[in-house]
2 protein chains.
Amino acid sequence: MIDVHPLGALARRWSRHTKLSPEDRSALLSLPFSYKSFGKDAYLVREGERATECFLLIKGFAFRHKLLRDGGRQIISFHVPSEFVDLENSLLEVADHNVQSLNRCETAMIPRAALIELADTRPPIRKAMWIDTLVDAAVFREWVVNVGRRDSRTRISHLLCELAVRLRSIHGENSETFDFPVTQEQLADATGLTAVHTNRTLQQLRRDGLIQLTGKTLAVLDWDGLREAGDFNELYLHHRA
Amino acid sequence: MIDVHPLGALARRWSRHTKLSPEDRSALLSLPFSYKSFGKDAYLVREGERATECFLLIKGFAFRHKLLRDGGRQIISFHVPSEFVDLENSLLEVADHNVQSLNRCETAMIPRAALIELADTRPPIRKAMWIDTLVDAAVFREWVVNVGRRDSRTRISHLLCELAVRLRSIHGENSETFDFPVTQEQLADATGLTAVHTNRTLQQLRRDGLIQLTGKTLAVLDWDGLREAGDFNELYLHHRA
DNA sequence: CGTTAATTTGAGACCATTCAATTTCGGTGG
DNA sequence: CCACCGAAATTGAATGGTCTCAAATTAACG
């Protein structure tokens with residue numbers, strides 16, 4: 001799945017739930033944008049900033065988070081290539097959270113005016129964009145449930161399930177090993193736990209033969225087991241809209 | 001603020017962030033719908049169901065929630081009159097969570113086809129709808145932070161702040177007393193705490209002179225204090241989009 | 001290869017939970 | 001209007017999952 005065009009992966013992903021005519025597709029691919037690369041841990045968007053463009057992830061991973069008064073951090077979502085990391089900034093005036101890169105990544109920076117115009121003139125593209133934001137919201141809801149009402153083992157398993165499913169949709173449906181540049185501290189901040197407890201919980205999941213997690217690679221050894229451990233039901237990902 | 005038209009409150013709310021022409025407004029008010037009343041604790045939407053219409057709250061309160069394997073419940077949001085409780089169902093095929101009434105309430109049930117057509121033909125209304133779903137998402141994000149990284153006192157204070165702000169936008173900007181038909185058990189399920197601990201925490205907030213909460217009425221006695229206690233910053237509500 | 005980041009381990013403390021019982025509140029019917 | 005009933009709120013005491021603090025070990029990167 002090598003794309004000649006940097007927006008090709010986006011067009012392909014949107015085609016899964018919304019039929020795009022050849023004209024829609026070429027209008028999408030004609031969107032003006034500029035490449036922007038980021039190193040590890042770079043901020044793409046800062047809370048409180050006015051946004052004038054949106055970032056589409058071409059390569060690498062990113063995450064959204066908020067910082068608390070006491071210095072704590074809550075990660076709100078992870079993002080993989082072909083996803084917008086801040087599509088809401090096309091319509092909302094100021095960013096209410098930060099977006100940061102997880103590793104080196106490449107993005108297409110698209111002016112919000114161009115995005116809005118494309119959405120206004122191309123109904124199917126508008127629909128695809130809207131569905132994107134709705135699915136984002138569905139994921140946030142599931143995260144509220146995850147951090148609100150599940151214990152540490154279930155919580156971490158659930159998060160790993162979600163990431164596995166979303167990575168599969170890029171790497172191929174039967175892949176079980178993924179590039180996973182997420183530190184345990186980041187995993188902790190995404191699940192509302194501490195890094196220490198996250199570590200102990202991951203060890204338990206390894207001991208149970210559910211996963212293998214070494215360095216920057218995650219392997220799901222027992223999918224049904226992990227799904228069970230995580231109380232995971234992928235309905236909320238709306239993979240077919 | 002008595003509306004002659006049941007969709008009047010919606011038109012007024014949308015006008016706050018999106019300019020609607022007289023034609024937009026009348027197209028909105030011409031939306032086909034049917035009244036539907038619900039008793040306390042009735043289900044408006046069930047997880048897994050295919051949605052054919054959306055519910056606009058005219059009177060009364062509602063909330064979204066998900067049920068867990070172990071019988072636990074996580075409340076994901078509360079809704080007040082003039083809000084859609086399930087606008088995402090206009091585009092997503094199946095509901096990924098439940099919507100239930102908090103007290104007796106009245107709704108306008110609008111066919112999703114009609115909503116989509118209105119959005120397709122009226123750009124400002126489309127924009128207002130889209131902003132609605134984006135603000136919903138912003139609230140979900142803040143809830144992830146709330147249940148993920150704040151202690152019980154901060155968590156509950158934050159939730160009360162949010163509800164106060166949103167209720168003010170209906171009852172008038174300087175009101176400090178609100179109709180609040182939320183039980184402590186529901187408050188607990190919204191904050192990821194137990195009812196017992198929620199009770200003790202509320203007592204502490206009362207003892208500190210921040211709130212008064214009796215029966216179905218909430219009074220904010222010390223707004224700055226509550227805001228401080230809840231680490232609350234209303235930016236995420238995007239009240240001016 | 002050195003140096004810093006990330007992971008792992010141990011032990012004690014604490015916030016929130018669990019379980020159970022009691023009191024108060026809110027709505028209903030006589 | 002009061003008695004009644006179930007729901008909601010409150011209290012107590014014991015338990016426990018997760019956190020905190022610190023130190024040690026291992027992995028990553030220039």
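Reminder, nothing fancy here: chain letters follow the sequence lines and each chain counts from 1.
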Under 4.0 Å from OP1 or OP2 of [N]: is there any side-chain N or O of [X] that close?
| X | N | result |
| --- | --- | --- |
| S152(A) | dT18(D) | yes |
| K216(B) | dA9(D) | no |
| N199(B) | dT10(D) | yes |
| Q184(B) | dA7(D) | no |
| Q203(A) | dT9(C) | yes |
| K40(A) | dA28(D) | no |

So, [X] and [Y]: side-chain donor and acceptor under 3.5 Å apart, yes or no?
| X | Y | result |
| --- | --- | --- |
| D189(B) | H65(B) | no |
| E142(A) | H158(A) | yes |
| T154(B) | D151(B) | yes |

[N] [atom2] sits how many Å from [X] [atom1], rounded?
| X | N | atom1 | atom2 | value |
| --- | --- | --- | --- | --- |
| R200(B) | dT11(D) | CZ | C1' | 7 Å |
| H197(B) | dC19(C) | NE2 | P | 17 Å |
| L202(A) | dT18(D) | CG | P | 13 Å |
| R150(B) | dC15(C) | CZ | P | 18 Å |
| L218(B) | dA8(D) | CG | P | 18 Å |
| E185(B) | dC25(C) | CD | P | 19 Å |
| L193(B) | dC15(C) | CG | P | 14 Å |
| L213(A) | dA27(D) | CG | P | 13 Å |

Self-check item: Name of the residue among R168(B), R166(B), R227(B) meeting salt bridge (charged side-chain N to carboxylate O under 4.0 Å, His left out) with E234(B)
Solution: R227(B)
Exercise. Counting heavy atoms from C-beta on, name the nucleotide in dT20(D), dT7(C), dA8(D) closest to the side chain of T183(B).
Key: dA8(D)
Quiz item: Going by modelled atom types, is there a donor-acceptor pair between the base of dG17(D) and the side chain of R153(A) at under 3.5 Å?
Solution: no
Practice problem: Remember a base hit wins even if backbone is also touched, and classify R206(A) as base, sugar-phosphate or nothing at under 4.0 Å, heavy atoms. | Solution: sugar-phosphate
Quiz prompt | side-chain hydrogen bond (donor to acceptor under 3.5 Å, both in side chains) partner of D136(A), chosen from R64(A), R141(A), H79(A) | solution = R64(A)
